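The structure appears right after this line, and notes come after that.
Since the structure is predicted, the reported quantities are computational estimates derived from the model, not experimental observations.
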Amino acid sequence: MVAEKPSTMTDPRSRRCWRIRDAIVRLREHGSDRAYGLPVPPIACALGTASELRLNDSTGTVSREHAQLVPAEVDGELVWKIHDRRSKNGLRCDGEPVRGFIVRPGVEIGLGSLRLIAESA
């Protein structure tokens, strides 16, 4: 019997996959060097143009308190969860409209026209 090589797929729905488990430390604006550091130690914080995590938005599509980031423990690891705070322009995960999701390294978070990439150290 020949052992199968482990998959390098990152799809969490796959039976044979690995997942990056690095902690998210910042959100970087797509296509720029502007980054927003996450609180240390991890505490809940709002994202928006007038929130604890103040986002720069020249288009006017990001609400004052657009979304909420909350630290949580999932399967023994500390992760960030994000959910929409009933904003006018919604929340997206990799381009798909959602109400909330677990933030993983490399995921694209859409808030209005702003696109943020979750980064680990």
Side-chain angles (χ1 to χ4, degrees):
M1 182 173 172
V2 177
E4 288 185 42
K5 290 183 178 179
S7 172
T8 58
M9 294 172 43
T10 58
D11 184 351
R13 296 167 296 197
S14 174
R15 289 185 186 191
R16 298 176 330 139
C17 70
W18 60 272
R19 188 175 54 179
I20 298 172
R21 295 184 183 269
D22 294 344
I24 302 298
V25 295
R26 67 184 158 267
L27 303 175
R28 182 182 44 81
E29 280 188 32
H30 183 268
S32 82
D33 292 333
R34 185 178 296 141
Y36 305 94
L38 299 182
V40 177
I43 57 170
C45 63
L47 283 82
T49 59
S51 301
E52 293 98 348
L53 199 66
R54 187 175 300 242
L55 305 175
N56 293 322
D57 173 44
S58 60
T59 64
T61 59
V62 176
S63 301
R64 294 171 53 84
E65 289 192 357
H66 200 105
Q68 180 83 21
L69 272 174
V70 180
E73 189 173 319
V74 175
D75 296 331
E77 69 176 302
L78 181 66
V79 298
W80 287 98
K81 290 184 177 185
I82 188 170
H83 65 271
D84 186 39
R85 295 189 79 179
R86 298 184 182 171
S87 65
K88 181 178 177 182
N89 293 305
L91 175 67
R92 293 176 315 284
C93 176
D94 289 335
E96 297 295 320
V98 293
R99 296 278 304 140
F101 59 95
I102 294 175
V103 180
R104 301 276 184 206
V107 74
E108 181 184 283
I109 302 167
L111 302 162
S113 64
L114 191 61
R115 293 165 46 200
L116 303 170
I117 308 300
E119 295 183 332
S120 59

Non-hydrogen side-chain atoms of [X] and [Y] separated by less than 4.5 Å:
{"X": "Val103", "Y": "Val79", "value": "no"}
{"X": "Val62", "Y": "Asn89", "value": "no"}
{"X": "Leu55", "Y": "Glu29", "value": "no"}

Point-to-point distance, once rounded to the nearest 0.5 Å, from [atom1] of [X] to [atom2] of [Y]:
{"X": "Ile82", "Y": "Leu116", "atom1": "CD1", "atom2": "CG", "answer": "8.0 Å"}
{"X": "Phe101", "Y": "Asp84", "atom1": "CZ", "atom2": "CG", "answer": "10.5 Å"}
{"X": "Arg92", "Y": "Arg115", "atom1": "CZ", "atom2": "CZ", "answer": "8.5 Å"}
{"X": "Leu38", "Y": "Glu119", "atom1": "CG", "atom2": "CD", "answer": "10.5 Å"}

field: Any side-chain donor near an acceptor of the partner, Ser113 and Thr61, under 3.5 Å
entry: yes
task: Could you tell me whether the side chains of Asp57 and Thr59 share a donor-acceptor contact shorter than 3.5 Å?
output: yes
Verdict with supporting geometry, Leu53 and Leu27, side chain to side chain contact (heavy atoms under 4.5 Å, CB included): CA-CA 10 Å; Leu53 199 66; Leu27 303 175; 4.3 Å; yes
Exercise: identify the closest heavy-atom pair between [X] and [Y]:
{"X": "Ile24", "Y": "Trp80", "result": "O-NE1, 3.6 Å"}
{"X": "Pro71", "Y": "Leu78", "result": "CB-CD1, 4.1 Å"}
{"X": "Ser120", "Y": "Asp22", "result": "CB-CB, 3.4 Å"}
{"X": "His66", "Y": "Gly90", "result": "NE2-O, 2.7 Å"}
{"X": "Arg34", "Y": "Ser32", "result": "N-OG, 3.1 Å"}

query: For His30 and Glu108, what are the C-alpha separation, side-chain angles and deciding distance, and is it a side chain to side chain contact (heavy atoms under 4.5 Å, CB included)?
result: CA-CA 8 Å; His30 183 268; Glu108 181 184 283; 4.3 Å; yes
query: Checking side chain to side chain contact (heavy atoms under 4.5 Å, CB included) for the pair Cys93/Ile109: CA distance, chi angles, key distance, verdict?
result: CA-CA 5 Å; Cys93 176; Ile109 302 167; over 6 Å; no
field: Qualifying residue, where the test is salt bridge (charged side-chain N to carboxylate O under 4.0 Å, His left out) with Glu65 and the options are Arg86, Arg85, Lys88
entry: Arg85
task: Would you check, one step at a time, whether the test side chain to side chain contact (heavy atoms under 4.5 Å, CB included) holds for Leu47 with Tyr36?
output: CA-CA 10 Å; Leu47 283 82; Tyr36 305 94; over 6 Å; no
- prompt: Would you say Arg26 has more than 12 foreign heavy atoms packed within less than 6.0 Å of its CZ?
  reply: yes
Pairs satisfying side chain to side chain donor-acceptor pair (under 3.5 Å), at least one member in residues 42-56, at least two apart: none
- prompt: Is Leu91 reachable from Ile117 through a run of I, L, V, M, F, W or Y residues, each pair having side-chain heavy atoms under 4.5 Å apart?
  reply: no
query: Is it the case that one hydrophobic cluster holds both Leu111 and Val70, taking links as side-chain heavy atoms less than 4.5 Å apart, direct or via other members?
result: no
